[in-house]
Amino acid sequence: MAGTGGFSVSGYGPERSTMSRLFARDSILRRLDWVILLCALALSVIGSALVYSATRNRTELVGDDPYAFVIKHVINIGIGLGLMAGTIWLGHRTLRTAVPILYGISVFLVLLVLTPLGATINGAHAWLVIAGFSLQPSEFVKITIILGMAMLLAARVDAGDREHPDHRTVVQALGLAAVPIMIVLLMPDLGSVMVMVMIILGVLLASGASNRWVFGLLGAGALGGVAIWQLGVLDDYQIARFAAFANPALDPAGVGYNTNQARIAIGSGGLTGTGLTKGSQTTGQFVPEQQTDFVFTVAGEELGFVGAGAILLLLGVVLWRACRIARETTELYGTIVAAGIIAWFAFQAFENIGMTLGIMPVAGLPLPFVSYGGSSMFAVWVAVGLLQSIKVERPLSA
């Protein structure tokens with residue numbers, strides 16, 4: 001079993017044929033978690049249909065080609081699958097050794113957003129636009145926070161020096177996460193910050209760190225939220241979103257418009273929906289950003305309770321299998337990485353769907369595997385690659 005470098009399996013010699021390697025008991029393909037892979041693919045396929053329905057008649061976006069967005073979406077899925085395969089080939093242990101480099105690159109990219117290279121898209125100044133390509137660096141910061149904190153928290157435990165991370169190690173890990181989070185907060189991209197905070201909580205819980213750190217972080221988060229509100233860090237539109245969440249009847253034609261129209265779309269779908277491309281709310285373009293943040297409203301309206309429930313079920317299965325990987329791995333590093341991904345996917349999906357139902361404030365977060373967006377799609381498939389690597393590199397007896 002390779003600890004560093006590309007993944008390899010002991011017992012493979014040059015005399016073994018490619019087909020033998022592919023189907024041997026200890027091969028990579030046989031040891032992949034196919035349930036996670038197939039469920040994530042199913043979500044992306046459903047997402048492709050929803051993106052097509054949401055954009056096909058948006059002439060200001062697609063021009064004369066109703067397939068423009070869905071073609072880009074499928075290309076993004078293909079690139080994401082390639083990134084997943086590359087992550088599996090490298091292995092999470094190799095990436096562990098590359099964390100300082102990956103961390104430095106991610107911090108550099110989020111800093112660039114604060115320069116003239118940064119761009120505002122859909123109200124969020126969180127993007128880099130270079131040579132016509134847009135990139136949201138905060139999506140990749142989620143991965144480097146998970147890998148960086150896992151590297152620090154698991155180092156002495158996996159080496160056998162300690163049973164749990166000590167307080168000094170926890171402080172170092174929190175400091176590592178705090179740097180990119182503060183930069184992202186300056187954009188301000190509050191939605192991404194919320195996800196990152198949940199990732200930190202998941203990582204700390206999985207690491208075995210003292211519960212005092214978890215409760216302390218929750219308290220610090222509450223105080224930090226109050227301070228952010230009082231110091232005027234948030235933009236006016238973000239404050240308005242929270243106000244509309246607290247009072248749904250506030251300005252229904254203005255700041256409350258998105259959530260009101262989203263609930264109308266979902267409610268009109270009934271049990272089986274109106275049929276793909278036949279939703280009046282979607283066809284009439286009443287819900288803004290339906291291909292990205294509000295893609296779940298297309299499912300609710302056109303696929304109904306059955307289709308929306310299928311998305312929830314698939315997401316639930318992905319999380320369940322990820323929990324199984326986290327539980328069965330024999331090294332703390334792998335457990336922490338898997339737990340960070342679980343916290344990321346679970347909270348982001350809950351927030352995205354919750355804001356369409358009016359039970360969470362609008363935060364501009366995509367639905368994992370479903371929403372249109374290259375940066376998000378690439379990041380979640382890299383995360384799937386990390387989960388698969390943790391599983392395939394686990395000893396067969398585990």
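Counting begins at 1 with the first residue of the sequence.
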Chi angles and distances behind the side-chain hydrogen bond (donor to acceptor under 3.5 Å, both in side chains) call for Gln172, His167: CA-CA 9 Å; Gln172 291 173 341; His167 294 308; over 6 Å; no
State, with a plain yes or no, whether a side-chain heavy atom of Thr283 is found less than 4.5 Å away from one of Thr277. no
Output a table of donor-acceptor pairs, distance under 3.5 Å, between side-chain atoms of residues 367-386 and any protein atom two or more places apart or on a different chain; print 'none' if there are none.
| unit_1 | atom_1 | unit_2 | atom_2 | d |
| --- | --- | --- | --- | --- |
| Ser371 | OG | Thr292 | O | 2.6 |
| Ser371 | OG | Leu367 | N | 2.8 |
| Ser375 | OG | Gln136 | N | 2.8 |

Please assess Thr282 against Gln290 for the test side-chain hydrogen bond (donor to acceptor under 3.5 Å, both in side chains), listing each intermediate value before the final yes or no. CA-CA 8 Å; Thr282 300; Gln290 270 193 297; 3.2 Å; yes
So which heavy atom on Val184 is nearest to which on Met196, and how close? CG2-CE, 4.0 Å
Pairwise distance CD1(Ile353) to CG(Leu365) - rounded to 0.5 angstrom: 12.0 Å
Do Glu331 and Arg93 meet the salt-bridge criterion of a basic N to acidic O distance under 4.0 Å? yes
Hey, could you give me each pair passing salt bridge (Lys or Arg N to Asp or Glu O under 4.0 Å) that has a residue in residues 96-119? Not counting sequence neighbours. Arg96-Asp158
Any chance you could measure Glu302, atom CD, to Ser53, atom OG, to the nearest 0.5 Å? 3.0 Å
How far apart are the closest heavy atoms of Phe296 and Thr356, and which atoms are they? CD2-OG1, 3.7 Å
Evaluate the side-chain proximity of Leu303 to Leu50: yes if any heavy-atom separation is below 4.5 Å, no if none is. yes
Going from OG1 on Thr94 to CH2 on Trp89, what distance comes out if it is rounded to the nearest 0.5 angstrom? 8.0 Å
Can we say Lys391 and Asp33 salt-bridge, meaning some charged N sits less than 4.0 Å from an Asp/Glu carboxylate O? no
If you compare all heavy atoms of Glu351 against all heavy atoms of Val362, which two are closest, and at what distance to 0.1 Å? OE2-C, 4.2 Å
One should read off an interatomic distance between Leu185 CG and Asp189 CG, to the nearest 0.5 angstrom, of 9.5 Å
CG of Leu357 to CD1 of Ile266: how many Å apart, nearest 0.5 Å? 4.5 Å
Would Glu301 and Lys278 count as a side-chain contact (heavy atoms from CB on, under 4.5 Å) if you check the C-alpha gap in whole Å, the side-chain angles of each, and the deciding distance to 0.1 Å? CA-CA 9 Å; Glu301 180 181 27; Lys278 294 180 174 60; over 6 Å; no
